[in-house]
> 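Can you read through this structure? Questions will come right after.
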Amino acid sequence: MEYRNSYIDTRGATGGRTTFTEAIIRGIAPGGGLFVPKVVPRLALDTILDFARKPYAQGAATVFRAFGVDLPSATIDACMADAYATNFDTPAIAPVQSLDSGTHILELFHGPTLAFKDMALQCMPRFFSASLDALRRADAPEAEEDFLILVATSGDTGKAALEGFADREHTSIIVYYPYEGVSSLQQAQMLTTQGSNVCVYGLRGNFDTCQTAVKQVFGDAGFAEKLARSYRLRLSSANSINWGRLLPQVVYYLNAYAQMVASGAVAAGEPIDVCVPTGNFGNILAAWYAAECGTPIERLLCASNTNRVLADFINTGSYDIREREFVTTPSPSMDILVSSNLERQLFELNGRNAEEIRSWMQALGEEQRFTVSRQCFAALRKRFSADWVSVDESLATIRAVYAEHHYLLDPHTAVGYTVAERLRGSNPVLVAATAHWCKFGADVYRGLAGIRAEEPLPGELAGLDGFALIRSIAENYEYAGAVPQRMAELEGKAQRFGEMRDANAEAVEASVEEFLRGRGQTA
Ligand SMILES: *Cc1c(COP(=O)(O)O)cnc(C)c1O
């Protein structure tokens with residue numbers, strides 16, 4: 001039998017008997033806590049450095065085994081070989097580009113949707129299906145039904161989830177997006193998705209009303225009962241607080257360090273700092289776990305955009321959303337107020353004190369703020385630094401880095417790069433690049449051309465659609481590189497979906513049943 005770790009939760013409701021397969025299927029713990037592994041494994045430096053000498057998938061399997069995933073070794077190998085293969089546009093999967101001796105870019109955008117969510121969402125659904133199979137063989141009650149994943153998306157997550165769950169066994173997925181609230185390229189990405197178990201609806205509303213409608217469906221016990229009875233289905237959100245999405249993200253930091261040693265960017269064992277453009281705190285938390293696993297990562301630099309609640313928290317110890325307004329920026333995937341994975345980080349830094357976490361989260365719910373203990377704040381400051389970047393500065397960075405390093409950043413990565421420049425010490429810095437520039441053509445062009453955010457593009461560019469605009473950038477800026485094939489080929493692809501519904505729970509529930517009836521799933 002393989003080594004099996006168990007999971008505890010941040011609010012202390014589960015007592016440490018949960019396995020990986022149960023944690024991935026349940027998503028969130030009873031009581032609202034998040035699962036973390038009871039034991040964080042330590043890998044020898046040589047084991048980590050060896051990742052540079054083998055396929056990415058093998059390193060990923062090594063990490064999962066070290067974390068005590070309770071699936072047969074052959075299943076782990078098979079899931080990884082499938083998750084990190086030709087679905088990525090480079091065999092390196094997550095290559096490191098060195099801009100100079102001090103600055104290195106970890107490119108996390110080579111997956112099917114050209115953004116970093118693919119790193120987790122190509123992997124997690126495969127383990128979700130394998131976990132359901134395993135739990136079924138053990139007659140576990142939580143695995144009796146198949147799962148229907150519902151996602152409300154502001155753009156990137158929806159497409160990455162569609163690609164990850166397409167044609168996965170025991171699951172289907174429906175994505176809801178705010179019609180006219182996503183870019184034309186993001187819409188084209190979603191509406192052309194292949195797969196027999198996927199569906200996409202536009203909702204007449206903004207992201208907030210979409211999300212509220214989908215949340216209400218999750219809270220409707222009568223609807224859940226009906227799905228179970230008539231379709232033998234259970235709802236799941238598969239969102240970024242699922243441990244199954246976090247663990248795959250730990251892998252690329254180990255792999256990146258191995259690449260940096262192999263290329264001579266650092267000597268074996270020499271420390272680096274990591275800078276992450278942050279939203280829900282998943283990506284930077286993964287870097288923290290990678291350090292705990294033995295990767296020589298010293299400081300974690302947390303980069304926020306104008307929605308700076310995380311940067312302020314790391315600088316003050318107080319998380320306070322009372323006076324904050326949610327603003328939209330050119331880096332929309334970092335536009336957040338409540339950063340859900342932070343809870344895991346605090347649990348890891350406060351001596352895993354669940355009672356304290358419960359009181360902080362209760363305060364956040366009731367008073368919109370909490371302040372961590374002095375010990376927890378000291379532990380946080382020991383490893384983390386943080387800063388935030390204005391919209392104008394982030395666009396200026398795109399232009400400056402293009403001129404100086406002949407490298408084109410997307411607006412999210414530009415936030416990370418700016419903070420890395422400000423907070424860097426003597427260690428080389430690895431900046432996580434979370435999206436390909438072509439997903440955000442208009443703001444990338446504004447950055448390159450020195451046009452302020454929200455100002456119209458000049459002349460004939462103003463009339464171009466999303467595809468024509470990124471082609472124009474690729475043609476006129478020699479170091480932009482070509483438009484990735486998987487983006488270019490979307491232009492001619494037939495749209496499979498395009499239906500619209502109202503943004504309320506009733507309309508969403510009706511659309512779910514329509515989809516299920518269409519698949520002939522009635523009992
Ligand atoms: C999701 C996302 C982020 C934020 O990552 P977190 O793990 O939520 O902190 C940053 N950039 C892009 C492009 C993203 O899609």
> Does Arg486 reach the main-chain N or O of Thr113 with its side chain, forming a donor-acceptor pair under 3.5 Å?
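Such a contact is absent between Arg486 side chain and Thr113 backbone.
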
> Would you mind checking if Asp146 and Arg136 are paired as a salt bridge, meaning a charged N to carboxylate O distance below 4.0 Å?
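Here Arg136 pairs with Asp146 in a salt bridge, since their nearest N and O are under 4.0 Å apart.
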
> Would you indicate whether the side-chain heavy atoms of Ile25 and Phe147 approach each other to under 4.5 Å?
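Yes, at least one pair of side-chain atoms sits under 4.5 Å.
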
> Checking Phe51 against Tyr56 for the ring-ring contact (aromatic ring centres under 6.0 Å, His included) test, could you report, in this order, the C-alpha distance in whole Å, the side-chain angles of both residues, the deciding distance, and whether it holds?
CA-CA 7 Å; Phe51 285 20; Tyr56 185 93; 8.4 Å; no

> Aromatic ring centroids of Phe347 and Trp288 under 6.0 Å?
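Not close enough - the centres of the two rings lie 6.0 Å or further apart.
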
> Going by atom types alone, do Tyr289 and Glu348 pair a side-chain donor with an acceptor below 3.5 Å?
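Looking only at side-chain atoms, Glu348 and Tyr289 do form a donor-acceptor pair, the distance falling under 3.5 Å.
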
> Please tell me whether Tyr177 and Tyr201 form a close aromatic pair, meaning their ring centres lie under 6.0 Å apart.
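For Tyr177 and Tyr201, the ring centres are not under 6.0 Å apart.
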
> Does Ser6 reach the main-chain N or O of Gly16 with its side chain, forming a donor-acceptor pair under 3.5 Å?
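Checked: pair present.
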
> Are any of the side-chain heavy atoms of Val512 and Leu150 separated by less than 4.5 Å?
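Val512 vs Leu150: side chains touch.
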
> Establish, from distance only, whether the side-chain atoms of Asn280 and Asn341 form a donor-acceptor pair under 3.5 Å.
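No, because no side-chain N or O of Asn280 sits under 3.5 Å from a partner of the opposite role on Asn341.
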
> For a quick check under 3.5 Å, do Ser339 and Tyr319 share a side-chain donor-acceptor pair by atom type?
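There is no such pair between these side chains.
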
> Can you tell me how far the CE atom of Met119 sits from the CD atom of Gln249, to the nearest 0.5 Å?
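Output value for this atom pair is 8.5 Å.
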
> Go through it in stages, so that I can follow the logic: the residues are Val151 and Ile173, the test is side-chain contact (heavy atoms from CB on, under 4.5 Å), and I'd like the CA-CA distance, side-chain angles, deciding distance and then a yes or no.
CA-CA 8 Å; Val151 179; Ile173 175 167; 4.2 Å; yes

> Starting from the C-alpha separation in whole Å, work towards a yes-or-no answer on side-chain contact (heavy atoms from CB on, under 4.5 Å) for Glu145 and Leu233.
CA-CA 5 Å; Glu145 290 116 6; Leu233 276 179; 5.6 Å; no

> Give the minimum heavy-atom separation between Thr75 and Ala130, together with the two atoms involved.
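Closest approach of Thr75 to Ala130, heavy atoms only: CG2-CB, 3.9 Å.
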
> Just do the side-chain contact (heavy atoms from CB on, under 4.5 Å) check on Leu337 and Arg324 with the steps written out, would you?
CA-CA 8 Å; Leu337 284 179; Arg324 285 181 203 272; 3.9 Å; yes

> What is the minimum heavy-atom distance between Pro178 and Thr153, and which atoms define it?
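That closest heavy-atom pairing would be CD-O, 3.1 Å.
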
> Ring centroids only, cut at 6.0 angstrom: are Tyr257 and Tyr253 within range, meaning strictly under it?
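Not close enough - the centres of the two rings lie 6.0 Å or further apart.
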
> Using distance alone, with no hydrogens and no angle criterion, decide if Asp118 and Tyr84 have a side-chain donor and acceptor under 3.5 Å apart.
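There is no such pair between these side chains.
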
> Salt bridge or not between Asp156 and Lys117? Use side-chain N to carboxylate O under 4.0 Å.
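Here Asp156 does not pair with Lys117 in a salt bridge, since their nearest N and O are not under 4.0 Å apart.
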
> I'd like to know whether His412 forms a ring-ring contact (aromatic ring centres under 6.0 Å, His included) with Phe440, so could you lay out the CA-CA distance, the side-chain angles of the two residues, the decisive distance to 0.1 Å, and finally the verdict.
CA-CA 10 Å; His412 301 77; Phe440 302 95; 4.8 Å; yes

> Report yes if some heavy atom in the side chain of Met487 is under 4.5 Å from a heavy atom in the side chain of Leu114; otherwise report no.
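SC-SC contact between Met487 and Leu114 confirmed.
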
> So, Ser318 versus Thr371: side-chain donor-acceptor pair below 3.5 Å or not?
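Yes, because at least one side-chain N or O of Ser318 sits under 3.5 Å from a partner of the opposite role on Thr371.
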
> Would the distance check show the side chain of Asp9 and the main-chain N or O of Phe35 forming a donor-acceptor pair, the cut-off being under 3.5 Å?
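No, Asp9 side chain to Phe35 backbone: no donor-acceptor pair under 3.5 Å.
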
> Can you find a heavy atom in the side chain of Met334 that is under 4.5 Å from one in the side chain of Thr329?
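No, their side chains stay 4.5 Å or more apart.
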
> Tell me, which pairs form a salt bridge (charged side-chain N to carboxylate O under 4.0 Å, His left out) where one or both residues lie in residues 313-322, sequence neighbours left out?
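Every pair satisfying salt bridge (charged side-chain N to carboxylate O under 4.0 Å, His left out) with a residue in residues 313-322: Asp320-Arg322.
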
> Can you tell me which residue among Asp410, Asn305, Thr413 is in a side-chain hydrogen bond (donor to acceptor under 3.5 Å, both in side chains) with Ser331?
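Passing option: Asn305.
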
> Are the side chains of Met500 and Leu203 in touch, meaning some heavy atoms are under 4.5 Å apart?
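No. Closest side-chain heavy atoms not under 4.5 Å.
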
> With side-chain contact (heavy atoms from CB on, under 4.5 Å) as the test, would you mind laying out the steps for Leu108 and Leu106 before giving the verdict?
CA-CA 6 Å; Leu108 300 174; Leu106 171 54; 3.7 Å; yes

> Evaluate the side-chain proximity of Asp335 to Val327: yes if any heavy-atom separation is below 4.5 Å, no if none is.
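SC-SC contact between Val327 and Asp335 ruled out.
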
> Output the distance between atom CG (Leu148) and atom OH (Tyr231), rounded to the nearest 0.5 Å.
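Answer rounded to 0.5 Å: 10.5 Å.
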
> Can you list the steps and then say if Tyr176 with Ser511 is a side chain to side chain donor-acceptor pair (under 3.5 Å)?
CA-CA 10 Å; Tyr176 299 90; Ser511 72; 2.8 Å; yes

> So how far is it from Thr19 OG1 to Lys38 NZ, rounded to the nearest 0.5 Å?
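Rounded to the nearest 0.5 Å, the OG1-NZ separation comes out at 12.5 Å.
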
> Calculate, to the nearest 0.5 Å, the distance between atoms OG and CZ belonging to Ser359 and Phe370 respectively.
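The distance works out to 9.5 Å.
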
> Donor-acceptor pair, Asp70 side chain versus Thr21 backbone, under 3.5 Å?
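Checking the backbone N and O of Thr21 against the side chain of Asp70, a donor-acceptor pair under 3.5 Å is found.
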
> Please determine whether a side-chain nitrogen of the Lys or Arg among Arg358 and Glu356 lies less than 4.0 Å from a carboxylate oxygen of the Asp or Glu.
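Looking at Arg358 and Glu356, the cut-off is not met.
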
> CG of Asp312 to CD1 of Ile321: how many Å apart, nearest 0.5 Å?
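The CG atom of Asp312 sits 13.0 Å away from the CD1 atom of Ile321.
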
> With heavy-atom distances below 4.5 Å as the criterion, would you say the side chains of Pro30 and Thr14 are in contact?
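They are in contact (side-chain heavy atoms under 4.5 Å apart), so the answer is yes.
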
> Check whether Thr295 reaches the backbone of Ala290 with its side chain - one donor and one acceptor, N or O, closer than 3.5 Å.
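Yes, because the side chain of Thr295 sits within donor-acceptor range (under 3.5 Å) of the backbone of Ala290.
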
> Okay, side chain of Ser131, backbone of Phe127: is any donor-acceptor separation there less than 3.5 Å?
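Yes, Ser131 side chain to Phe127 backbone: donor-acceptor pair under 3.5 Å.
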
> Do Asn350 and Ser373 pair up side chain to side chain, a donor and an acceptor below 3.5 Å, judged on atom types alone?
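Ser373 and Asn350 do not have a side-chain donor-acceptor pair below 3.5 Å.
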
> Look at Arg65 together with Asp77 and state whether they make a salt bridge at an N to O cut-off of under 4.0 Å.
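Judged by the 4.0 Å cut-off on N to carboxylate O distance, Arg65 and Asp77 do form a salt bridge.
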
> Less than 4.5 Å apart, side chain to side chain, heavy atoms only: is that true for Ser196 and Asp167?
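Side chain of Ser196 against side chain of Asp167, heavy atoms only: contact under 4.5 Å found.
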
> Any idea which heavy atoms bring Phe281 and Cys302 closest together, and the distance?
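Looking at all heavy atoms of both residues, the shortest contact is CE1-SG, 4.4 Å.
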
> Measure the acute angle between the ring planes of Trp243 and Phe67, then classify it against the limits of 30° and 60° as parallel, tilted or perpendicular.
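Answer is tilted, since the angle falls between 30° and 60°.
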
> Starting from the C-alpha separation in whole Å, work towards a yes-or-no answer on side chain to side chain donor-acceptor pair (under 3.5 Å) for Asn283 and Tyr252.
CA-CA 10 Å; Asn283 199 358; Tyr252 50 71; 2.7 Å; yes

> Between Asn87 (side chain only) and Ala85 (backbone N and O only), is there a donor and an acceptor less than 3.5 Å apart?
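Pair found, side chain donor or acceptor close to backbone of Ala85.
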
> Between Lys226 and Asp220, does any side-chain N to carboxylate O distance fall below 4.0 Å?
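So Lys226 does not pair with Asp220 through a salt bridge.
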
> Using every non-hydrogen atom in the two residues, find where Thr10 and Gly33 come nearest and quote the distance to one decimal.
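Closest heavy-atom pair between Thr10 and Gly33: OG1-CA, 3.4 Å.
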
> Rounded at 0.5 Å granularity, tell me how far CD in Glu499 sits from CZ in Arg501.
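Here the rounded value is 4.5 Å.
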
> Locate the shortest heavy-atom distance separating Leu301 from Ile284; write the atom from each residue and the value.
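For Leu301 versus Ile284, the nearest heavy atoms are O-CD1, 3.7 Å.
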
> Of the non-hydrogen atoms in Trp437 and Leu409, which two are nearest, and what is the gap between them?
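Heavy atoms only, the tightest pair is CB-O, 4.1 Å.
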
> Does the ring centre of His170 sit less than 6.0 Å away from the ring centre of Phe128?
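So the answer is no for these two rings.
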
> Do Arg245 and Asn242 have side-chain atoms, one donor and one acceptor, less than 3.5 Å apart?
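Short answer, no.
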
> Salt bridge or not between Arg17 and Glu22? Use side-chain N to carboxylate O under 4.0 Å.
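Salt bridge between Arg17 and Glu22, a charged N being under 4.0 Å from a carboxylate O: no.
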
